[in-house]
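Atoms within each ligand, like the ligands themselves, are counted from 1 in listed order.
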Amino acid sequence: MRIGIGFDVHQLVENRPLIIGGITIPHEKGLLGHSDADVLSHAITDAILGAGTLGSIGDHFPDTDAAYKDMDSQIFLAKANELIQAKGYKIEHIDSVIVAQEPKMKTHISAMQNALAKTLNLSTENIGIKATTTEHLGFEGRKEGISAHAVVLLVKQ
Ligand code: MG
């Protein structure tokens, strides 16, 4: 077995869609980034790559590459999954936390699980997604950005 950890942050700005966990969430602001800025998918991608000792998301999908402009981050996740499978591993379980003061994530969690399950060819039972505020503390609490943490367990096929 192998474990991986991932962390990501994106800034909240106007005139961007809010895409988290592969779904678009209605909100007056969205996350800024070179790709679609899906903070949760990026954290999980990094956790998968880390568990595979395959570097980081920036190594595989550099934000200086125009090919990845506004890219659907589900493509990053699917690619990371292919890379660990090529090394003989499969994802056993994912757990994650979204850190956001707003919007409330609770009603969107199951749609995120469904989207990520489809991308990674996993059961929703193996994709943990939780959300928390920071009680108005820090950049998430000031609604300047959203962060996400993820851990992934791989098993040898
Ligand atoms: Mg990112």
Side-chain angles (χ1 to χ4, degrees), residues 2-85 91 93-106 108-109 111-122 126-134 137-154:
R2 289 179 168 211
I3 58 162
I5 183 170
F7 173 69
D8 196 31
V9 176
H10 283 272
Q11 189 184 350
L12 270 172
V13 295
E14 286 177 3
N15 301 312
R16 286 274 295 186
L18 180 60
I19 298 170
I20 301 182
I23 65 161
T24 302
I25 297 170
H27 193 51
E28 70 267 23
K29 289 185 174 181
L31 295 172
L32 180 66
H34 184 67
S35 66
D36 67 4
D38 183 338
V39 66
L40 177 61
S41 295
H42 291 184
I44 295 171
T45 300
D46 246 0
I48 296 168
L49 292 171
T53 326
L54 287 159
S56 72
I57 191 168
D59 298 330
H60 293 272
F61 314 106
D63 64 7
T64 49
D65 189 332
Y68 302 123
K69 180 97 179 78
D70 297 324
M71 177 68 89
D72 179 353
S73 296
Q74 300 310 291
I75 291 168
F76 301 161
L77 268 176
K79 181 68 183 171
N81 198 23
E82 273 175 31
L83 290 169
I84 58 109
Q85 283 173 356
I91 298 170
H93 198 81
I94 296 168
D95 195 20
S96 61
V97 186
I98 303 160
V99 185
Q101 193 62 44
E102 63 177 34
K104 286 282 173 238
M105 300 290 163
K106 196 179 176 72
H108 304 292
I109 300 280
M112 292 179 197
Q113 286 175 305
N114 286 330
L116 298 179
K118 189 169 166 225
T119 298
L120 295 168
N121 197 24
L122 285 175
N126 295 114
I127 305 175
I129 304 174
K130 306 179 294 299
T132 185
T133 71
T134 58
L137 295 169
F139 68 85
E140 299 101 329
R142 291 189 298 267
K143 306 172 197 171
E144 294 166 0
I146 291 176
S147 65
H149 305 251
V151 289
V152 171
L153 182 69
L154 303 184

- For His42, all residues meeting ring pair (Phe, Tyr, Trp, His ring centres under 6.0 Å), sequence neighbours excluded: His10, Phe76
- Message: Can you list everything that forms a ring pair (Phe, Tyr, Trp, His ring centres under 6.0 Å) with His149? Sequence neighbours excluded, please.
- Response: Phe7
Pair up each side-chain donor or acceptor in residues 23-34 with any protein partner under 3.5 Å, not counting sequence neighbours, and list the distances.
{"from": "His34", "atom 1": "ND1", "to": "Asp63", "atom 2": "O", "distance (Å)": "3.3"}
{"from": "His34", "atom 1": "NE2", "to": "Asp63", "atom 2": "O", "distance (Å)": "3.4"}
{"from": "His34", "atom 1": "NE2", "to": "Asp65", "atom 2": "O", "distance (Å)": "2.8"}
{"from": "His34", "atom 1": "NE2", "to": "Lys69", "atom 2": "N", "distance (Å)": "3.4"}

- Query: Do side-chain atoms of Thr132 reach the backbone of Ala100 as a donor and acceptor pair under 3.5 angstrom?
  - Reply: no
- Item | Any donor-acceptor pair under 3.5 Å from Lys130 side chain to Ile98 backbone | no
- Item | Distance-only polar pair, side chains of Ser56 and Asp46, donor-acceptor under 3.5 Å | no
- What protein N, O or S atoms come within a distance below 2.8 Å of the Mg ion (ligand 1), ordered by chain and number? Asp8 OD2, His10 NE2, His42 ND1
